[in-house]
Amino acid sequence: QVQLVESGGGLVQPGGSLRLSCAASGTILSFDVMGWYRQAPGKQRELVATLNTSGDNTDYADSVKGRFTISRDSAKNTVYLQMNALEPEDTGVYYCNAIKRNYWGLSNYWGQGTQVTVSS
C-alpha cells in the first residue's frame, strides 16, 4: 500500500527558506514521476515542481523558478522541495504527488499536505 507523508511546513518570514520532505512507504524508484503541488485558499491546486525518477530531469512552475529546487534521496525513499526567497504568495498547503504509469493507464498518489505560511 502506497503512502506519502509530507513534513517540513510551517511559518516563515518573507525571504526565508523551508525544506519540505515527502517520505514514501516504498522505494520512490517504483514511480515514474514525483512532484509537489500547492493550493491556496479559494484557488485551484497548481503544479509547483516535478522530477522524473529515472532521469532526474525536473520542471518548475514559472512562479518558483530560481527559488525552489526539487530533489530526491532514493536511499531514504524521500523527495524534497527546497524553497528559498519565500514570498507571501507562496502560502498554501503543499502536497506530494507520485505517478506510476502502466500500459493500461496510471496510478496517482497523494499525501495529506503540509501547511506553508509566509508572513511577517
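The first residue of the sequence shown is numbered 1, and numbering continues consecutively from there.
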Any chain of hydrophobic side-chain contacts (each under 4.5 Å) joining [X] to [Y]?
X: Leu47; Y: Trp110; result: yes
X: Val2; Y: Leu29; result: no
X: Leu20; Y: Val118; result: yes

How about [X] and [Y]: do any of their side-chain heavy atoms sit closer than 4.5 Å?
X: Glu87; Y: Pro14; value: no
X: Arg38; Y: Ser63; value: yes
X: Phe31; Y: Ile99; value: no
X: Tyr94; Y: Val48; value: yes
X: Arg72; Y: Thr78; value: no
X: Tyr37; Y: Glu46; value: no
X: Leu18; Y: Leu86; value: yes
X: Met83; Y: Leu81; value: yes

Determine yes or no for a side-chain-to-main-chain donor-acceptor pair under 3.5 angstrom, with [X] supplying the side chain and [Y] the backbone.
X: Asn102; Y: Trp104; result: no
X: Gln82; Y: Thr69; result: no
X: Thr117; Y: Leu11; result: no
X: Asp59; Y: Ala49; result: no
X: Lys100; Y: Ser30; result: yes

- Task: Report the C-alpha distance between Leu51 and Asp56 in whole Å, list the side-chain angles of each, state the deciding distance to 0.1 Å, and finish with yes or no for side chain to side chain contact (heavy atoms under 4.5 Å, CB included).
- Result: CA-CA 6 Å; Leu51 180 148; Asp56 280 334; 3.8 Å; yes
How close do [X] and [Y] get, counting heavy atoms only, and between which atoms?
X: Gly111; Y: Tyr95; answer: O-CD2, 3.6 Å
X: Gly9; Y: Val116; answer: CA-CG2, 4.2 Å
X: Leu4; Y: Ala24; answer: CD2-CB, 3.8 Å

- Query: Out of curiosity, Asn84 CG to Arg67 CZ, how far, rounded to the nearest 0.5 Å?
  - Reply: 9.0 Å
- Please test Met34 against Asn97 for side chain to side chain contact (heavy atoms under 4.5 Å, CB included), starting from the C-alpha separation and ending with a verdict. CA-CA 6 Å; Met34 298 195 72; Asn97 171 250; over 6 Å; no
- Determine, stepwise, if the pair Thr50 / Thr58 fulfils side chain to side chain contact (heavy atoms under 4.5 Å, CB included). CA-CA 6 Å; Thr50 62; Thr58 59; over 6 Å; no
- Task: Kindly indicate, with the supporting measurements, whether the criterion side chain to side chain contact (heavy atoms under 4.5 Å, CB included) is fulfilled by Asp32 and Asn52.
- Result: CA-CA 6 Å; Asp32 294 291; Asn52 184 297; 5.9 Å; no
- How about Trp36 and Phe68: are their ring centroids closer than 6.0 Å? no
- For Gln39, look at atom CD and say whether over 12 heavy atoms of other residues, nucleotides or ligands are found less than 6.0 Å away. yes
